[in-house]
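Note sheet for the following structure.
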Amino acid sequence: MATDIAAAAEALLHARRENSRIDALPEGARPTTVEEVYAIQKRVAEARGPIGGWKVGAADPQAEPGTAPLNVVDLHLTPEPLPASRFHVTGVEAEIAYLLGRDLPPRETPYTREEVLDAVESLHPVIEIVDTRFTRLKGTDLLSHAADQINHGALVVGPALADWRGIDPVNQPVRLLLNGQRVVEQVGGNPAGDPVRLLQWLANTGARAYGGLSAGMIVTTGSCTGLIMVEPGTRIMAEFPGLGAVETAVA
């Protein structure tokens, strides 16, 4: 029996509308393949309004990437505090994101690495807020969590670095501070390795069903610090020396 994509999407949308939580997707509506995950994501994203970006990552440098579209409503371009009531759980990750200055529509010939890089307008430090529509993180099967926007809550986008060609993300230092206290300091840290591989995969494969990538979209490329859980009232700052810093608070 085919997975009920519509029922899965409606369960996730209802949890968002009512700010409620579910133990699991309904019987018969739990994805069993990556293709079903992406079909559920697409229904949810299209119901929530315009898509302004993407999250993309991979478990290691050789692994197939995974992705989820990000709605404009979840993108935050200022350090204004985010209300804790908006999230069920609150995790934070420091990440590096690419802002596109040119469209990358689907085409028969795959985009090369340089073509994708030439479409990038600027680099940004970002903080991803991790959340879930389920009762807890890792509370149900992995594919259901992936269908739920890969546990996305919000993306706080820091200032642009237009002269970004000299930045080497694989060897980029990063610091994460909570209430002014340094909790992570390291170099690199993204398990996917080179994030440009992820961006290229997204242009050629991951975003194809949405008509490709568009100028103005922001693409965040995975955690450089690992997931850190925070409590309401926490001030969060991610620093990438030479790239920039971004901060927010969960009020």
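The structure displayed is predicted, hence computed values, not measured ones.
Two different hydrophobic clusters hold Val130 and Val37 under the rule that ILVMFWY side chains link at heavy-atom gaps under 4.5 Å. Hydrophobic clustering, with ILVMFWY side chains joined whenever heavy atoms are under 4.5 angstrom apart, keeps Val89 apart from Phe134. Note on Val170 and Trp164: separate hydrophobic clusters, where clusters join Ile, Leu, Val, Met, Phe, Trp and Tyr whose side-chain heavy atoms are under 4.5 Å apart, directly or indirectly. Hydrophobic clustering (ILVMFWY, side-chain heavy atoms < 4.5 Å, transitive): Val196 and Val174 are in one cluster. Both Met217 and Leu117 are assigned to one and the same hydrophobic cluster, defined by single-linkage of ILVMFWY side chains at heavy-atom distances under 4.5 Å.
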Less than 3.5 Å apart, which donor and acceptor atoms pair up between the side chains of residues 8-18 and the rest of the protein, not counting sequence neighbours?
unit_1: Glu10; atom_1: OE2; unit_2: Arg17; atom_2: NH2; d: 2.4
unit_1: Arg16; atom_1: NH2; unit_2: Gln149; atom_2: OE1; d: 2.7

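Residues Arg113 and Asp194 are paired through a salt bridge, judged by an N-O separation under 4.0 Å between the basic side chain and the carboxylate. A salt bridge does not link Glu247 with Arg235: every distance from a Lys NZ or Arg NE/NH1/NH2 to an Asp or Glu carboxylate oxygen is 4.0 Å or more.
Contacts classified as salt bridge (Lys or Arg N to Asp or Glu O under 4.0 Å) and involving residues 72-88 (residues at least two apart or in different chains) are given here: Arg48-Asp74, Asp74-Arg86. Sorted by first and then second residue, the pairs that involve residues 45-85 and meet ring pair (Phe, Tyr, Trp, His ring centres under 6.0 Å), not counting sequence neighbours, are Trp54-Tyr210. Screening residues 164-182 for salt bridge (Lys or Arg N to Asp or Glu O under 4.0 Å) gives Glu114-Arg165, Asp118-Arg165, Arg175-Glu185, Arg175-Glu239, Arg182-Glu185 as the qualifying pairs, with residues at least two apart or on separate chains. Sequence neighbours left out, not one pair with a member in residues 216-251 passes ring pair (Phe, Tyr, Trp, His ring centres under 6.0 Å).
A donor-acceptor pair under 3.5 Å links the side-chain atoms of His145 to the main chain of Gly139, judged by distance alone. Looking only at distances, a side-chain donor or acceptor of Arg21 sits under 3.5 Å from a matching main-chain atom of Thr132. In this structure a side-chain-to-backbone donor-acceptor pair under 3.5 Å is present from Asn190 to Ala192. A donor-acceptor distance shorter than 3.5 angstrom exists from the side chain of Thr234 to the backbone of Glu231, with no hydrogens or angles considered. Formation of a donor-acceptor pair under 3.5 Å by the Asp131 side chain with backbone atoms of Thr90 is not found in this model. Between the side chain of Thr135 and the main chain of Asp23, no donor-acceptor pair closer than 3.5 Å is present.
Under the rule for a side chain to side chain donor-acceptor pair (under 3.5 Å), the partners of Ser122 that lie at least two apart in sequence or sit in another chain are His124. For the side chain to side chain donor-acceptor pair (under 3.5 Å) test, no residue two or more places apart in sequence or in another chain qualifies with Gln62. Considering only residues two or more places apart in sequence or on other chains, Glu46 meets the salt bridge (Lys or Arg N to Asp or Glu O under 4.0 Å) condition with Lys42. Residues passing the salt bridge (Lys or Arg N to Asp or Glu O under 4.0 Å) test with Glu115 are Arg107, sequence neighbours excluded.
Heavy atoms only, all atoms of each residue included: Ala251 and Pro81 are closest at CB-CB, 3.8 Å. Minimum heavy-atom separation, Pro169 to Tyr98: CG-OH, 3.6 Å. A pairwise comparison of heavy atoms in Arg43 and Ala6 identifies NH1-CB, 3.6 Å as the closest pair. Of all heavy-atom pairs spanning Pro191 and Ala59, the tightest one is CB-O, 3.5 Å.
Two residues are said to be in side-chain contact when any heavy atoms from C-beta on lie closer than 4.5 Å; Arg208 and Asn204 fail this criterion. The shortest side-chain heavy-atom distance between Ile167 and Leu161 falls under the 4.5 Å cut-off. Inter-residue side-chain proximity for Thr67 and Tyr38 is flagged as met; some heavy-atom pair is nearer than 4.5 Å. Put simply, the side chain of Gln186 does not reach to within 4.5 Å of the side chain of Pro173, judged on heavy atoms. Between Ser214 and Asp103, the closest side-chain pair of non-hydrogen atoms falls below 4.5 Å.
Note that CD1 of Ile51 and CG of Leu213 are 11.0 Å apart. Values are rounded to the nearest 0.5 Å. Annotation: the span from Glu128 atom CD to Glu95 atom CD amounts to 5.0 Å, rounded to 0.5 Å. Atom CZ of residue Arg133 and atom OG1 of residue Thr140 lie 13.5 Å apart, to the nearest 0.5 angstrom. In this structure, Ile96 CD1 and Thr220 OG1 are separated by 9.0 Å, a value rounded to the nearest 0.5 Å.
Annotation: Leu227, atom CG; neighbour count of heavy atoms from other residues, nucleotides and ligands within 6.0 Å is above 12. Heavy-atom contacts from other residues, nucleotides or ligands closer than 6.0 Å to CG of Asp60 number more than 12.
Side-chain contacts under 4.5 Å among hydrophobic residues (ILVMFWY), followed directly or transitively, place Ile150 with no other residue at all. Other residues sharing a hydrophobic cluster with Leu155 under the 4.5 Å side-chain heavy-atom criterion for ILVMFWY residues are Leu70, Leu75, Leu77, Leu99, Val126, Val157, Ile218. Summarising the hydrophobic clusters (Ile, Leu, Val, Met, Phe, Trp, Tyr; side-chain heavy atoms under 4.5 Å, direct or chained), the residues clustered with Ile129 are Leu82, Phe87, Val92, Ile127, Val156, Leu176, Leu178, Val183, Val184, Ile228, Val230, Ile236, Val246, Val250.
The only member of Asp148, Ile5, Leu143, Asp4 that meets side chain to side chain contact (heavy atoms under 4.5 Å, CB included) when paired with Ile40 is Ile5.
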Can Thr225 and Glu93 be said to form a side chain to side chain donor-acceptor pair (under 3.5 Å), step by step? CA-CA 6 Å; Thr225 56; Glu93 297 176 339; over 6 Å; no
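Side-chain contact annotation: Trp201 with Glu64, donor-acceptor N/O pair under 3.5 Å present.
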